[in-house]
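The structure under discussion appears below in the form of structure tokens.
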Amino acid sequence: MEEIKQLIANCIAQALDKKVESEEILQKIEIPKNKENGDFAYPCFNLSKILKSSPLNIADILKDKIILEKNILKVEAVSGYLNFFIDSTNVIQDILKEIIEKNDCFGSSLEGKGKNIVVDYSSPNIAKPFHLGHLRTTIIGRAIYNLYKELGYNVIGINYLGDWGRQFGLLIEGYNRFKNEYEIEKDPLHILSEIYVRITKLAKEDESVMDLARENFKKLEEGNEEYLKLWKYFKDVSLKEYYRIYDILGCKFDSYNGEAFYNDKMDEVIKILDEKKVLVDSEGAKVVKLKENEPPCIIVKSNGSTIYATRDLAAILYRAKQYDFEKAIYVTSYEQIHHFEQVFEVAKNLVEEKYSKGLVHVAYGMVRLKTGKMSTRDGNVIYLQDLIEDSIIKAKKIIENKNPSLKNKEKIAKQVGVGALVFNGLKTSKIKDVVVDLDEVLRFDGETGPYVQYTYVRTKSILEKAKFSLKNIDMDTIDFTILNTEEEVELIKELNKIKKVIKKAAQEYEPAILNRYIIDVATCFSKFYNECPVITNNKCLTDARCVLVYATGIIIKKGLSILGVECPDKM
RNA sequence: GCUCCAGUAGCUCAGUUGGAUAGAGCAACGGCCUUCUAAGCCGUAGGUCGAGCGUUCGAAUCGCCCCUGGGGCACCA
């Protein structure tokens, strides 16, 4: 397709006697929304200044001057546009052959070969159950991880656990005060989080409690054994729970180095900033001043303990050395935009430019409930565990209803239920706020995960019925010119877009672009499915269509797998 | 107050980086299963693209200003 576009650009340049470079023309060539306007279009409006004539005239004249190359069927001049119609039979053949040959590597590239990318995502604060708010960073981060892998990068996924900070001073205070009122072992995370809510409330009423918490954290930082033991307990019970959730979601990390990991690596940050003479005293704290009239970035608090920003800076320093990263991507909600602006600015004093310019904050919108902001304190929270269970139960009910004889119902219900949640979470642009509507989240028809999975299942089902196997097929003898209905041509062109889509989604850190594309592929296939029977008496037709069905399956499965959604063969 | 982000059909969202008649899903209404899974497909209806001004051959898209909602603005993360 790209070659033909280039060919068209060359033709136009020729017809213009090279008054405009073909590169420049190529940039302007677009794909018309309406098929009646051909496969490619070139708007002639900007030529009218150069040629001193009306766009309509120019289009008319150019149309007659253009010498048609092979594979270009005709040119039309319509209201200032040059519309090109191409002969897609060769193109179709090439696309299908390439997909079959490359299989799930179709659409991948090697442009990132030898380069490292760090993706920091999920990163829950320990001692709290995983709730719906954590789902977004987890699945967006994972998708970005997979997208860059497709571009050939060596990607390192880091779960930067929120396992350090004043909150643990507070939790220790609460634990020591209230632990005897609970049977913590029964459900550690929920109970710890309840204790945290209680002590937070108390600290709000009584400032001395918060002072104790600050002291506790200071002791923890200084290595107090009793507190460290408690802290380790909090971390262990949290991880046990998180591993279970990550397992259900199919999420893996290359490192679980959280904030605490950097406890002994912050002195170096302070030392470097001090040497660079950017660290100054202000109101008892050590800070780096950034813009005029703007609060500075605090590096050391007035009580001598560190803060979030210090740990993030230590992590940047460490990751630059350890991973020699091309990019370091942080996936958090947009609440932290300002924080990362500051940290990235300070980091310029800490690491070489090649690292500091690779720092990227990927900000996503807030997750809210209809009843307001999600808050453990008010009980206004949806735990991920519960939501996943509901979704799987719903999937099972539907299976029981539609396909009662299905084998492995449990496994498939899990794939569909979890797939629905993940796919739904990657459907809209990440920057938009989400108000959770459970009816919407647990919807299985329309533009949803189950719809796409169902489409994939249909491809498998056809191929099984047709007893299709690549081994019994000689690609060179298949006559692909037989695939000439509108549905077939549209579907094949759609399949071919995956490479561009992956690249764009990665560049924009926007998995939703891939999500929408997969829906488009599924919709094209469904139209084809309804209009073009695959299993027919005509062996040539059946063979060619089977290859198309097989190729569609490859693309859907690949796309879903990048998004972290599994594909059942039957459902 | 300063600053960042969002505003497109009743609802949830796309919109190829400035192009031709602004597209989907849900909800509503109507049609399609004795033939590859109807978790599907087809059709009907639904729009002053938050408001205004500007930039130009052309604006949902770029600029300015205003309105609405949300975020952030030093010892929380």
Side-chain angles (χ1 to χ4, degrees), chain A residues 28 30-34 36-37 41 43 45-46 48-49 54-55 78-81 83 123 125 162 164-167 170 210 214 259 282-287 293-303 305-309 311-312 332-339 341-342 363 365-366 368 373 395 398-399 401-403 406 416 420 427-429 431-435 437 439-440 443-455 457-466 497 500 504 512-513 516 519-520 522-523 525-527 529-536 542 545 549 570-571:
Chain A
K28 285 269 174 191
E30 55 196 64
I31 297 168
K33 288 177 202 154
N34 195 332
E36 287 159 28
N37 291 324
F45 307 101
N46 57 336
S48 66
K49 271 181 195 159
S54 82
V78 184
S79 52
Y81 285 87
N83 293 336
S123 311
N125 291 332
W164 211 239
R166 193 196 66 197
Q167 52 175 325
L170 203 50
M210 191 54 94
R214 289 197 185 95
E259 292 182 60
S282 173
E283 297 174 29
K286 291 183 183 194
V287 306
N293 305 324
E294 203 180 90
C297 183
I298 295 179
I299 307 295
V300 184
K301 298 195 284 193
S302 49
N303 76 345
S305 68
T306 62
I307 193 170
Y308 188 38
R311 270 159 254 145
D312 264 332
T332 83
S333 84
Y334 61 53
E335 287 170 302
Q336 298 193 31
I337 285 178
H338 185 242
H339 163 74
E341 274 173 7
Q342 287 201 327
M366 309 282 286
R368 289 197 176 74
K373 193 175 172 178
I398 295 176
I399 290 170
N401 185 15
K402 294 186 189 276
N403 199 352
L406 186 68
V416 174
K427 196 165 68 179
T428 57
S429 307
I431 197 65
K432 301 217 177 184
D433 287 342
V434 174
V435 177
D437 174 348
D439 292 337
E440 182 66 21
R443 211 160 51 79
F444 287 13
D445 56 84
E447 296 170 333
T448 64
Y451 165 59
V452 182
Q453 288 171 321
Y454 178 73
T455 310
V457 165
R458 280 176 148 182
T459 70
K460 296 300 270 188
S461 174
I462 291 173
L463 296 174
E464 191 184 318
K465 277 231 159 95
K497 290 181 189 166
K500 272 191 167 177
K504 192 177 179 206
I513 292 172
R516 283 175 218 128
I519 291 172
D520 288 343
T523 303
F525 180 81
S526 295
K527 289 180 184 193
Y529 181 94
N530 267 57
E531 293 301 320
C532 310
V534 174
I535 298 163
T536 65
T542 294
R545 283 184 172 166
V549 171
K570 290 193 162 94
M571 66 190 267

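Naming convention: chains lettered A, B, ... in sequence-line order (proteins, then strands); numbering from 1 in each chain. Below, all heavy atoms of this structure are taken into account, side chains as well, without hydrogens, waters or symmetry copies. Predicted model only: the values in this text are computed from it and were never measured.
- Between the C1' atom of B:rA77 and the CD atom of A:Glu335 lies a distance of 9 Å, rounded to the nearest Å.
- With B:rA39, B:rA77, B:rA20 as the choices, the nucleotide that has an atom nearest any side-chain atom of A:Val416 turns out to be B:rA39.
- Going from the P atom of B:rU17 to that of B:rC62 covers 13 Å, rounded to whole Å.
- Across all strands shown, the partner of B:rG30 is B:rC42, judged by Watson-Crick or G-U wobble contacts whose two distances both fall under 3.5 Å.
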Pairs under 3.5 Å (N/O, protein and nucleotides 27-35 of chain B):
none

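- We find that OH of A:Tyr529 is positioned 11 Å from C1' of B:rC41, with the value rounded to whole Å.
- What separates CZ of A:Phe444 from P of B:rA38 is a distance of 19 Å, to the nearest Å.
- The distance from atom CD of A:Gln342 to atom P of B:rC73 is 9 Å, rounded to the nearest whole Å.
- Comparing B:rA74, B:rA77, B:rC42 against the side chain of A:Lys527 picks out B:rC42 as the nearest.
- Distances shown here put a side-chain N or O of A:Arg214 below 4.0 Å from the OP1 or OP2 atom of B:rC76.
- In this structure, A:Val452 and A:Phe525 have side chains that are not in contact, with every pair of non-hydrogen atoms separated by 4.5 Å or more.
- Put simply, CZ on A:Arg443 is 14 Å from C1' on B:rG40, counting in whole angstrom units.
- A heavy-atom distance below 4.5 Å is not found between the side chains of A:Arg214 and A:Ser305.
- We find that CD1 of A:Ile519 is positioned 18 Å from P of B:rA39, with the value rounded to whole Å.
- If you check every strand for non-hydrogen atoms under 4.0 Å, A:Tyr334 touches sugar and phosphate atoms only.
- The partner of B:rC64, taking Watson-Crick or G-U wobble pairs whose two distances both stay under 3.5 Å, is B:rG52.
- Within a 6.0 Å radius of NZ in A:Lys427, other residues, nucleotides and ligands contribute more than 12 heavy atoms.
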Short heteroatom pairs, N/O only, protein and nucleotides 11-18 of chain B, under 3.5 Å:
| from | atom 1 | to | atom 2 | distance (Å) |
| --- | --- | --- | --- | --- |
| B:rA14 | OP1 | A:Ser429 | N | 2.9 |
| B:rA14 | OP1 | A:Ser429 | OG | 2.1 |
| B:rA14 | OP2 | A:Lys432 | NZ | 2.9 |
| B:rA14 | O5' | A:Arg516 | NH2 | 3.4 |
| B:rA14 | O3' | A:Arg516 | NH1 | 3.4 |
| B:rU17 | O4 | A:Glu508 | OE2 | 2.7 |

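- Of the nucleotides present, B:rG71 is the one that pairs with B:rU3 by Watson-Crick or G-U wobble criteria, both distances under 3.5 Å.
- Taking CD from A:Glu36 and CG from A:Asn83, the interatomic distance works out to 10.5 Å, rounded to the nearest 0.5 Å.
- Atom-to-atom, CG of A:Asp312 to P of B:rA74 comes out at 18 Å; the value is rounded to the nearest Å.
- Contact detail for A:Thr455 and A:Ala522: the closest heavy-atom pair is OG1-CB, 3.6 Å.
- Mapping A:Thr455 and A:Arg368 onto RNA chain B via the closest heavy atom, the residue that lands nearer the 5' end is A:Thr455.
- B:rU55 sits 15 Å from B:rG63 when the P atoms are compared, rounded to a whole Å.
- How far CG of A:Asn403 is from CD1 of A:Ile398: 12.5 Å, rounded to the nearest 0.5 Å.
- The side chain of A:Arg166 approaches B:rC76 more closely than any other nucleotide in the set B:rC76, B:rC41, B:rA20.
- In this structure, A:Arg311 reaches the B:rA77 phosphate: one of its side-chain N or O atoms is under 4.0 Å from OP1 or OP2.
- Residue order along RNA chain B, read from the 5' end via each residue's closest nucleotide, puts A:Asn34 first among A:Thr306 and A:Asn34.
- Taking atom CG of residue A:Asp520 and atom C1' of nucleotide B:rA24, one finds them 9 Å apart after rounding to whole Å.
- For A:His338, counting side-chain heavy atoms from C-beta on, the closest listed nucleotide (B:rA39, B:rU21, B:rG72) is B:rG72.
- Residue A:Gly162 is classed as having no contact, given no heavy-atom separation below 4.0 Å to the nucleic acid.
- Contact between the side-chain N/O atoms of A:Arg458 and the OP1/OP2 oxygens of B:rA38 is found at a separation under 4.0 Å.
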